[in-house]
Amino acid sequence: MLIYGGLISPYVRKVALFAAEKGVEYTMQAPNLGKPDPEFIAASPFRKIPAMRDGDFTLSDSSAIIAYLEARYPDPALIPAEARARGRTIWFDEYADTIAADAGLKVLFGRLVGPKLLKLPVNEELAAQGEAALPRCWKYLESVAPESGWLMGDNFTLADLSVATIIRSVEYVDLQPKAHDYPRAAAWYARVCARPAWQQVAEAEAAFKWPD
Ligand SMILES: N[C@@H](CCC(=O)N[C@@H](CS)C(=O)NCC(=O)O)C(=O)O
């Protein structure tokens, strides 16, 4: 499977982590978003990352790709089958992709991705908006983070990956939930980071160097 994107994106990282947890092999290709090639546009009509190609099948959007991977590679299950558990897992995916990412990516874009990768001026107004919204996100996470195990109980699921990947992105601007304010959330996140699949993706991500 080919994943289009780079691991700095929380959505791309989520797909890479999901594949790694399932033992699905992938290669990754960063598209030139300014001048994308036709194969990437065919996979991602709105030119967003991630997108993927699996043989002659293409798809974009992390949640769509993950639904595809779960059906194609059912073991180990990362999306529960039971109705309430499935609904709640998707809730965590949405909370991460929209509510927490909306706050976190404003800071990341305003302070780091804009100036370093896109050579735009620092956008402190945008970053400050995101920073102000983060404590509410982390307070919620603290209220649902388990003392041991995973967000959905004994089984590690998509819920853990989706929430942890946005925290990983926010770490780049040092606004992740810290242990002194959010002890349960921080301890749960540390458990996610200790997983072999996480380590594998983190090793690949460590090769990325932010330009000066
Ligand atoms: N809901 C989408 C969000 C994808 C997304 O917004 N990706 C960003 C990178 S983090 C992107 O491609 N931005 C470029 C653009 O919007 O043109 C998903 O889950 O994959």
Side-chain angles (χ1 to χ4, degrees), residues 1 3 5-28 50 62-63 65-66 69-70 73-82 85-86 88-97 99-101 103-105 107-108 112 134-135 137-210:
M1 175 176 65
I3 301 175
L7 288 170
I8 298 307
S9 158
Y11 307 109
V12 175
R13 190 187 302 108
K14 180 174 60 160
V15 169
L17 288 165
F18 196 86
E21 284 283 349
K22 285 191 178 279
V24 174
E25 297 213 347
Y26 60 86
T27 52
M28 193 164 277
S62 63
S63 300
I65 296 168
I66 274 167
L69 291 176
E70 182 70 9
Y73 304 99
D75 289 323
L78 293 175
I79 301 178
E82 190 275 323
R86 179 177 293 191
R88 196 151 168 79
T89 300
I90 302 302
W91 150 250
F92 279 118
D93 186 49
E94 278 300 307
Y95 152 78
D97 279 11
I99 298 168
L105 294 185
V107 191
L108 198 66
L112 204 58
L134 276 173
C137 299
W138 300 159
K139 216 170 151 187
Y140 166 73
L141 181 59
E142 182 68 9
S143 76
V144 291
E147 206 165 282
S148 63
W150 312 109
L151 289 175
M152 292 303 303
D154 290 342
N155 295 328
F156 185 82
T157 68
L158 169 66
D160 300 291
L161 288 181
S162 299
V163 179
T165 187
I166 185 60
I167 294 179
R168 174 66 193 98
S169 287
V170 170
E171 267 183 336
Y172 281 112
V173 285
D174 198 28
L175 289 173
Q176 69 278 15
K178 311 245 171 65
H180 49 83
D181 293 323
Y182 308 102
R184 287 167 79 112
W188 157 83
Y189 178 62
R191 290 195 294 281
V192 179
C193 295
R195 292 178 70 86
W198 184 281
Q199 299 281 316
Q200 181 191 316
V201 173
E203 204 175 298
E205 186 167 345
F208 179 81
K209 298 281 170 262
W210 292 93

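All of these numbers come straight from a predicted model, not from anything done at the bench. Because only heavy atoms are used, hydrogens play no part in the values below, and waters and symmetry mates are left out as well, while side chains stay in.
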Can you check side chain to side chain contact (heavy atoms under 4.5 Å, CB included) on Tyr182 and Leu141, steps first, answer last? CA-CA 8 Å; Tyr182 308 102; Leu141 181 59; over 6 Å; no
Between Gln199 and Cys193, the two heavy atoms sitting closest are NE2-O, 2.6 Å
Testing Leu158, Leu78, Thr89, Ile79 one by one against Met152 for a side chain to side chain contact (heavy atoms under 4.5 Å, CB included), which residue passes? Thr89
Are any non-hydrogen side-chain atoms of Val15 and Tyr26 less than 4.5 angstrom apart? no
Taking the side chain as every heavy atom from C-beta outward, state whether Pro177 and Lys139 have any atom pair closer than 4.5 Å. no
Answer whether the closest heavy-atom distance between the side chains of Tyr95 and Cys137 falls below 4.5 Å. yes
Side-chain contact test, heavy atoms from C-beta onward, threshold under 4.5 Å: evaluate it for Asp93 versus Lys14 and give yes or no. yes
So Leu105 and Tyr11, side chain to side chain contact (heavy atoms under 4.5 Å, CB included) or not? Walk me through it. CA-CA 11 Å; Leu105 294 185; Tyr11 307 109; 3.8 Å; yes
Taken in chain and number order and not counting sequence neighbours, the residues that satisfy ring pair (Phe, Tyr, Trp, His ring centres under 6.0 Å) with Phe92 are none
Output every pair passing salt bridge (charged side-chain N to carboxylate O under 4.0 Å, His left out) with a member in residues 147-160, not counting sequence neighbours, ordered by first then second residue. Glu147-Arg184
Over 60° means perpendicular and under 30° means parallel, so classify the ring planes of Trp210 and Phe208, tilted if in between. perpendicular
Could you list all the side-chain hydrogen bond (donor to acceptor under 3.5 Å, both in side chains) pairs where at least one residue sits in residues 189-198, not counting sequence neighbours? Glu21-Arg195, Glu171-Tyr189
Run Val107 and Val170 through side chain to side chain contact (heavy atoms under 4.5 Å, CB included) and show every step you take. CA-CA 8 Å; Val107 191; Val170 170; over 6 Å; no
Determine whether Ile167 and Trp188 make a side-chain contact, defined as any pair of heavy atoms from C-beta on separated by less than 4.5 Å. yes
Does the side chain of Trp150 come within less than 4.5 Å of Asn155's, by heavy atoms? no
